[in-house]
Amino acid sequence: TSAGSDGGGAVFVGGGGTLIIEDSAFADNRSDSTSAFSGGGALATERSYATFRVSNTTFSGNLAQGIGGAVFLDDFDTGEAQFVTSTFTG
């Protein structure tokens, strides 16, 4: 459980490259930013990623004041995002 002021209550990643999250749980995180381009109670990224993969991961009870209650992918126009065998609950 954690809070972020600019997005990604638990994890914020900027730049490019590869982001892989496996066998994880994100619970009761929040993003307090009200910016139009911020959010992701659990996870937020800035800029495109060549590879973005989340597998066997649970997102529960995450909250964002901006966009994306659990996940916010900002400016994600050239990468590939995959969510495999993952669960999202309120």
Side-chain angles (χ1 to χ4, degrees):
T1 302
S2 65
S5 61
D6 286 330
V11 177
F12 176 82
V13 183
T18 300
L19 176 63
I20 298 173
I21 298 172
E22 298 176 327
D23 304 315
S24 300
F26 294 90
D28 302 320
N29 299 287
R30 70 179 194 269
S31 169
D32 293 332
S33 176
T34 57
S35 167
F37 299 102
S38 184
L43 170 65
T45 66
E46 181 179 70
R47 305 290 175 241
S48 298
Y49 280 81
T51 302
F52 180 90
R53 180 181 169 91
V54 176
S55 64
N56 299 317
T57 296
T58 301
F59 295 86
S60 62
N62 297 287
L63 173 68
Q65 296 299 318
I67 302 168
V71 177
F72 176 56
L73 307 177
D74 184 27
D75 202 13
F76 199 87
D77 56 357
T78 60
E80 179 179 342
Q82 298 178 348
F83 290 86
V84 179
T85 317
S86 295
T87 305
F88 293 83
T89 61

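Quick note: residue numbers are just sequence positions, from 1. Keep in mind it's a predicted model, so treat the numbers as computed, not measured.
Taken from CZ in Arg30 to CD in Gln65, the straight-line distance is 8.5 Å, to the nearest 0.5 Å. Atom OG in Ser55 sits 6.0 Å away from atom CG in Asp23 (nearest 0.5 Å). Distance check, rounded to the nearest 0.5 Å: CG of Leu73 to OG1 of Thr45 gives 4.5 Å.
Counting all heavy atoms, side chain and backbone alike, Gly40 lies closest to Ser31 at O-CB, 3.7 Å.
Between Phe52 and Val13 the shortest side-chain heavy-atom distance does not fall below 4.5 Å.
Cluster membership check: Ile21 shares its hydrophobic cluster with Phe88, using side-chain heavy-atom separations under 4.5 Å among Ile, Leu, Val, Met, Phe, Trp and Tyr. Residues Leu19 and Val71 fall within the same hydrophobic cluster, defined by Ile, Leu, Val, Met, Phe, Trp and Tyr side chains chained together at heavy-atom separations under 4.5 Å.
Partner of Phe26 under the side-chain contact (heavy atoms from CB on, under 4.5 Å) criterion, out of Val54, Thr58, Thr57: Thr57 alone.
The closest donor-acceptor contact from the side chain of Asn62 to the backbone of Asn29 lies under 3.5 Å.
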